[in-house]
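Worksheet for the structure shown next.
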Amino acid sequence: MTLRPRLIPQLLVKDGALVKGTGFANHRYLGDPLNAIRIFNEKEVDELILTDIGATQQGSGPDLSLIEDVVGECFMPLTYGGGIRRPQDAANVLALGVEKVSVQTACLESMEVVKEIAANFGSQSIVASFDAVPDGTGAYRVFSYLTHTPTPAYLEEALLEAQDSGAGEILVTSVSREGTLRGLDLALIEGVSPIARGPLVAAGGLNSVSDFHAGVRAGATAVACGAFVLFRGRHQALLISYPERSDLDHEPWQGE
Amino acid sequence: MGVNGQFDKPKVAVIDAGLGNYVSVLNMVRVAGGKPHRARTSSEVVGADLLILPGVGAFDRGIRGLRENGLWDSIQTFRGPLLGICLGMQLLGMESEEGILPGLEMLPMRSVRFREAGLTVPHMGWNEVSPSRSPSLVGTPGEPEPRYYFAHSYHADCPAELVTGWTLHGSEFPSAVAAGNVHGVQFHPEKSHGFGLSLIKRFLELA
């Protein structure tokens with residue numbers, strides 16, 4: 001199999017600014033998202049995820065002007081998430097040149113929006129995104145970003161429902177690992193990968209290239225990362241780094 | 001190219017029929033040295049040196065989008081080099097398993113779903129393309145294989161003579177096709193960094 005595992009930087013924005021968070025709280029200002037995007041584009045990263053955490057919190061729709069600016073800087077695929085509640089939100093964003101829209105909070109209520117987006121734009125244009133927490137029994141529950149609490153929904157069931165509704169890609173984020181650089185939750189990945197029919201993107205805690213390879217061996221098709229590639233250096237300068245292509249491709253992954 | 005050493009940028013019409021993603025194509029054509037414009041009506045297609053048909057989404061919706069915008073005839077009768085991208089490539093064919101409407105019928109191919117057991121579908125991510133013809137928009141046989149970004153659940157099914165590039169996902173499938181002036185690529189050059197830029201540059205040189 002020559003389809004390569006992807007390493008996908010995920011940028012969080014709030015009110016048009018790039019922010020950093022740990023465990024979904026304490027978002028700190030990092031800088032101008034367009035600068036970061038320009039650099040990622042120069043580094044020819046595999047793909048980018050842009051998540052607007054303000055859009056969901058404030059109930060506003062996607063910031064189309066920001067997204068348009070971002071698209072203008074990228075010659076690689078973009079996934080946008082944040083405030084996608086209705087199919088029209090998705091249509092507006094996809095029309096700007098974004099490859100995929102990611103739906104998270106809307107999924108907690110119903111998969112209708114997933115079904116409609118898939119029907120209108122194809123499965124490959126919609127990502128169902130889940131934040132996951134262990135419930136102490138070995139199972140994982142879906143975590144609500146909006147209320148900062150676990151929901152009763154089991155991750156596996158929610159994932160299956162999303163796929164049956166047409167979601168082409170699944171993104172699963174470990175709430176406890178996010179922003180910590182403590183390493184991916186491999187048990188989480190191993191648990192969900194057998195039921196993922198399409199690409200599975202794992203996120204939360206990535207801290208090295210070997211951790212990336214471990215995530216792929218555990219069953220992830222791709223890994224999303226934040227703190228691993230984007231951080232604040234001394235004097236508050238924004239530092240961006242991305243592994244060499246040869247390091248990412250180096251290890252044989254499942255199937256070969 | 002103009003005479004007397006003057007460089008006239010090739011005029012490229014990029015179809016916008018509500019199928020999304022024409023913006024990135026426009027941007028890449030500009031960076032590649034072309035003069036792109038967005039074409040929403042048949043009058044905006046006329047006079048272009050080259051035509052690009054991007055597309056994302058479901059087959060029937062794509063067909064309807066082209067018909068409703070009056071673009072059908074202008075695409076079928078376009079004389080210059082034409083490039084279909086992703087769904088755009090599939091629309092150039094006869095039909096698709098994804099829909100019930102007939103395609104533009106400009107290429108003797110149909111589109112079928114990835115069916116192999118255990119295969120990850122959609123085929124999403126960076127994958128290699130082996131050029132099977134020289135010259136080819138995709139690259140040169142014998143050189144290191146280029147990589148492009150794919151995001152699709154359906155792929156072309158066509159005679160080998162049509163194929164200019166093969167990609168492995170389960171089995172080999174046609175990732176690039178061409179017949180005369182009509183070209184199609186299953187992947188997204190406008191989202192494939194330098195590889196895509198090289199392809200678009202080669203396409204512009206066809207004018």
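Naming: A, B, ... by sequence-line order, numbering from 1 per chain.
For the set B/Gly118, B/Ser153, B/Ala151, the entry with the most heavy-atom pairs within less than 4.5 Å of chain A is B/Ala151. Contact count versus chain A (heavy atoms, under 4.5 Å) is highest, among B/Glu190, B/His123, B/Met28, B/Glu98, for B/Met28. Listed options A/Leu96, A/Asn120, A/Val98, A/Thr221 were ranked by heavy-atom pairs under 4.5 angstrom with chain B; first place goes to A/Asn120. With respect to chain A, the highest number of heavy-atom pairs below 4.5 Å among B/Val121, B/Leu87, B/Val56 belongs to B/Val121.
Ring centers of B/Tyr149 and B/His193: at least 6.0 Å apart, outside the cut-off.
Under 4.0 Å is where a charged nitrogen must lie from a carboxylate oxygen, and between B/Arg147 and A/Glu44 no such pair does. A salt bridge links A/Arg4 with B/Glu128; the closest basic N to acidic carboxylate O contact falls under 4.0 Å.
Aromatic ring pairs are classed by plane angle as parallel below 30°, tilted from 30° to 60° and perpendicular above 60°; the pair B/Phe173 and B/His152 is tilted.
Contact of A/Ala119 with chain B is made through the backbone alone, with heavy-atom distances under 4.5 Å. If you measure heavy-atom distances from B/Ser24 to chain A, the contacts under 4.5 Å come from both the backbone and the side chain. Neither the backbone nor the side chain of B/Val25 comes within contact range of chain A; no heavy atom of the residue lies under 4.5 Å from a heavy atom of that chain. Proximity to chain B (any heavy atom under 4.5 Å) is restricted, for A/Arg6, to the side chain, taken from C-beta onward. Contact annotation for A/Glu169: only side-chain heavy atoms (C-beta onward) come within less than 4.5 Å of a heavy atom of chain B.
By the neighbour-count criterion of 12 heavy atoms within 6.0 Å, atom CZ of B/Arg133 is densely surrounded, having more than that number from other residues, nucleotides or ligands.
Each salt bridge (Lys or Arg N to Asp or Glu O under 4.0 Å) pair with one or both residues in residues 115-126 of chain B, not counting sequence neighbours, appears once here: B/Glu97-B/Arg115.
Using a 4.5 Å cut-off on side-chain heavy atoms (C-beta onward), B/Trp72 and B/Ile63 make contact.
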